[in-house]
Amino acid sequence: MAQGPGTGGSPRHTYRWLLAVPFVWQAGLAPVVNGVMWAPFGLPFPMLWQLAGIVLTSVLIAIVFRLDRAHGVELEEAAFIAATSGSAGEPR
Amino acid sequence: MKLAIVVVILLATLTGAVGYGRRTRKGHTLSDWAVGGRSLGAIIFWFMNAGEVYTTFAVLGISGYAWALGAPAYLAFCSVSMSYAIGYWLMPKIWRAGRTRQLVTQADFFAARYDATWLGVLTGVIGIASLIVYVQIQLVSLGLIVQLTLDDLISTQTATLIAGLLMITFVFVAGIRSAAFAAGVKDVLMIVVVVLLSATVAGKVGAASMLDIFRMAEVQHPGIGRFPGLDPTSPTTAIWLMTSSINIALGNWVFPHLFQMSYTAQSATAIRRNAIWQPLYSLAYFFIILLGFAALLAGTHPPGNNLNAALLQFISQRYSAPIVGLVAGTGFLLALAPGALLLLTAGSIFSRNVVAPILPGLKDATFLVISRGALTVFAAIAVWLSISQKGSLVKILLDAYSAIGMLAPGVFLGFIWKRTTATGVLAGLVAGFIALLAPFAAHYWDAVAPQCEPGLIAMAINAATVVLVSLATPLPGRHAMSLGVALERAASEQSTV
C-alpha cells in the first residue's frame with residue numbers, strides 16, 4: 001500500500017510529514033502569534049496568520065502531491081484500480 | 001416580497017432537484033444509491049466536498065461567534081485546511097478499503113477491519129447519534145430562518161417543528177442525488193449572497209472600506225481581534241483554538257457521511273488533487289467573519305441575545321426586502337440540503353448495520369421502509385434536542401465532533417497499527433465516553449484544564465486504552481487486518497514487477 005508516514009515506516013515517504021506543518025502553523029503557533037500587535041492592512045495579526053496558514057496548507061499539499069507522483073503512487077493506484085475493477089459489486 | 005422570493009427559490013430548486021434525480025438515476029443497487037457507484041470524477045467530487053464548506057454552521061454559527069466573541073471565530077480558518085492535511089493521507093486509505101471489500105457505510109469498515117459484526121452495530125449506533133446532533137445544527141438554523149421569513153410571527157418551538165417537517169418532506173420527495181443537486185444550487189446562491197452583502201456592508205455601518213470594519217471594531221472593542229476575544233474572561237484562549245481545531249481535524253473524516261464520501265471517488269488521485277484546492281475555498285470564511293464584525297458595529301441585538309441569530313437580525317434590519325428574501329431562501333437550502341444527506345446516511349446505516357445483522361434475510365423493499373421510518377424518528381429526536389437545548393451553533397458542533405471523535409482511534413489505529421483489535425476498540429469507546437460524558441469527569445476537566453477541548457482529552461484516553469487492551473487481546477484474522485495495513489503489498493508488487 002506504501003502510503004503515509006505510519007504505514008510500515010516506509011522511508012521513501014518521509015516527505016509526507018510536510019502535512020504536519022499546518023498543525024504546527026495554525027494550531028501550535030496560535031498562542032505565540034496571539035501577542036503580536038502589528039496589524040497590516042488594519043487586519044488583526046492572528047487572523048492574517050490563519051489566512052496565511054490556509055494558503056500554506058494548499059501549497060504544501062500540492063508539493064506532497066508532486067512528490068507522490070514522482071514516487072510512483074499514481075501508477076501503483078492505477079494498478080490497484082485495474083486489479084479490483086473486475087470484482088465490482090461482489091464482496092471479496 | 002420577502003416571502004415570495006423565498007418561495008420562488010425553494011420551488012425552483014426543488015423542481016430542478018427532483019428532475020435531476022429522476023434523470024440521473026442509473027441503477028437501483030445500494031452501492032449506486034449510497035456511494036454513487038464509486039465512480040465520481042474530480043468535478044463532482046469537488047462539489048460534494050465544497051458543499052461541506054458553506055454550511056449553516058459556517059454562515060450563522062461563525063458570524064455569531066464573531067459578533068459575540070470576536071477572534072474565537074478564527075476556528076473556522078483552521079477547520080478545513082487542517083482537515084484536508086489529514087484527509088490527503090487518510091481519505092485514499094478509506095477509499096482503498098471501500099474498493100477492496102465493497103464497503104458502503106463506515107460501520108461496514110469497522111465490521112470488516114476488526115472482523116466483528118457486533119462492532120459494526122455499535123459503531124453504527126454511535127455514528128447515528130453524532131449525525132443526529134449534526135442534524136440539530138441544521139434544524140436550529142432552519143428554525144431561525146423560518147422565523148426571519150415569517151417576521152417572527154411564530155415561536156422558536158413552532159419554527160423548529162416546521163423546520164423538522166420541511167426537512168423530512170424534502171428527504172422523501174428528493175432522495176440523495178436530488179439533495180446533492182440542491183447542495184450545488186445552494187453553493188452558487190451562497191457565493192452570490194456573500195458577494196452582495198460584503199460589497200455593500202461598509203456603507204451599512206459607516207466604514208470607509210471593507211478592511212476599515214476591522215479597524216473600527218478594534219477601536220470600539222479593544223482586543224476583539226485576538227484571543228480570548230471580546231470578553232477577557234472567556235475560556236476561548238489560543239489554547240482553546242489549538243485543542244478545538246485539532247479535535248475537529250481528527251474527527252472530521254470520521255463522521256459517517258464524510259467517511260462515506262471517500263468511497264464515492266473514482267480514484268485516490270481525484271481525492272488527493274481535491275485536497276490541494278479545497279482549503280483555499282475556506283478563505284471565504286473571511287467574509288463571514290467580516291459580516292459578524294459589521295453586525296457588532298451596527299449594534300445588532302438579536303432577540304434573546306441569541307448569537308446564532310445575529311447575522312440574520314443584522315441583515316433584516318439593514319438590507320432591503322429583496323436581499324433579505326434572497327438570504328432567507330438561500331438559508332433554507334443551506335440547512336435542508338445537508339440535513340437531507342445527513343438523515344439519509346443515518347437511515348441507511350440503521351437498516352444496513354443495525355437491523356440487517358439482527359434480522360437477516362429481509363427484502364430490499366423492507367429495508368427502504370425501515371430506513372425511512374428510522375430517519376423520521378431521528379429527525380424527531382433532533383427536533384426535540386433543538387427545542388430542549390440552548391446553545392451556540394459552534395458549541396453544538398464541537399459537541400458533535402467530541403462524540404464522533406470517539407470513533408477516531410478505531411479508524412486511525414486501524415490503518416496504521418495491525419495489532420489493533422475489536423476488544424481494544426470497544427474498551428477505548430467505553431473509557432472515552434466515560435471521560436467525555438460522566439459528570440465527575442466533566443467537572444474535573446473544567447477545573448484542571450478549562451481552556452482544553454474535553455473531546456480531545458477523551459480521544460487521547462480512548463486511544464491509549466485501545467492500544468493497551470489491543471496488546472492484551474488476540475489479533476484479528478489476517479484477511480481482516482490486511483484491510484487496514486498492507487501485509488503483503490500485493491497490489492504494489494503488480495505495478496512494480
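Since this is a predicted model, take the numbers as computed values, not measurements. So you know, we letter chains A, B, ... as the sequences are listed, proteins then strands, and number each from 1.
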S.K.: Is it the side chain or the backbone of B/Ala275 that comes within 4.5 Å of chain A heavy atoms, both, or neither?
M.R.: both
S.K.: Less than 4.5 Å to any heavy atom of chain A: does that hold for the side chain of B/Leu280, its backbone, both, or neither?
M.R.: both
S.K.: Which answer fits B/Leu90, side chain, backbone, both or neither, if we ask what part of it has an atom under 4.5 Å from a heavy atom of chain A?
M.R.: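 Neither the backbone nor the side chain of B/Leu90 comes within 4.5 Å of chain A.
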S.K.: Evaluate the side-chain proximity of B/Gln266 to B/Arg38: yes if any heavy-atom separation is below 4.5 Å, no if none is.
M.R.: no
S.K.: Who in residues 208-222 of chain B is close to chain A, using a strict under-4.5 Å heavy-atom cut-off?
M.R.: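 The residues closer than 4.5 Å to chain A, in numerical order, are B/Leu211, B/Phe214, B/Arg215.
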S.K.: Any donor and acceptor pair, going by atom type alone, linking the side chain of B/Ser81 with main-chain N or O of B/Pro279 inside 3.5 Å?
M.R.: no
S.K.: Holding to side chain to side chain contact (heavy atoms under 4.5 Å, CB included), I want the full list of residues that pass it with A/Glu74, two or more places apart in sequence or in another chain.
M.R.: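 A/Glu74: side chain to side chain contact (heavy atoms under 4.5 Å, CB included) contacts with A/Phe65, A/Arg69, B/Thr269, B/Arg272.
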S.K.: What option among A/Thr57, A/Ile54, A/Val21, A/Leu18 has the most heavy-atom pairs under 4.5 Å with chain B?
M.R.: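 When all of A/Thr57, A/Ile54, A/Val21, A/Leu18 are compared, A/Ile54 has the most.
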S.K.: Sort out for me which of A/Asp68, A/Val32, A/Leu60, A/Val59 touches chain B most, counting heavy-atom pairs under 4.5 Å.
M.R.: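 If we count pairs closer than 4.5 Å to chain B, A/Asp68 comes out on top.
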S.K.: For B/Trp95, is it the side chain, the backbone, both, or neither that has a heavy atom closer than 4.5 Å to a heavy atom of chain A?
M.R.: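 Side chain only.
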S.K.: Evaluate the side-chain proximity of B/Tyr401 to B/Glu453: yes if any heavy-atom separation is below 4.5 Å, no if none is.
M.R.: no
S.K.: Using non-hydrogen atoms and a 4.5 Å limit, figure out which bit of B/Gln278 sits close to chain A: side chain, backbone, both or neither.
M.R.: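 It is neither, since no heavy atom gets under 4.5 Å.
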S.K.: For A/Arg66, is the CZ atom crowded, meaning more than 12 foreign heavy atoms sit under 6.0 Å from it?
M.R.: no
S.K.: Between B/Trp253 (side chain only) and B/Ser83 (backbone N and O only), is there a donor and an acceptor less than 3.5 Å apart?
M.R.: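 Looks like yes, one N/O pair under 3.5 Å.
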S.K.: With a 4.5 Å cut-off on side-chain heavy atoms, are B/Phe286 and B/Leu291 touching?
M.R.: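 Of all side-chain heavy-atom pairs linking B/Phe286 with B/Leu291, none is under 4.5 Å.
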S.K.: Below 4.5 Å from any heavy atom of chain A, which atoms of B/Ala73 appear? Answer side chain, backbone, both or neither.
M.R.: neither
S.K.: Who are the side chain to side chain contact (heavy atoms under 4.5 Å, CB included) partners of A/Pro31, not counting sequence neighbours?
M.R.: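 B/Ala238, B/Ile239, B/Met242.
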S.K.: Does atom CH2 of B/Trp417 have more than 12 heavy-atom neighbours, drawn from other residues, nucleotides or ligands, at distances under 6.0 Å?
M.R.: yes
S.K.: Can you give the donor-acceptor pairs under 3.5 Å from side chains of residues 34-41 of chain A to other protein atoms, not counting sequence neighbours?
M.R.:
| residue | atom | partner | partner atom | Å |
| --- | --- | --- | --- | --- |
| A/Asn34 | OD1 | B/Phe227 | N | 2.8 |
| A/Asn34 | ND2 | B/Phe227 | O | 3.0 |

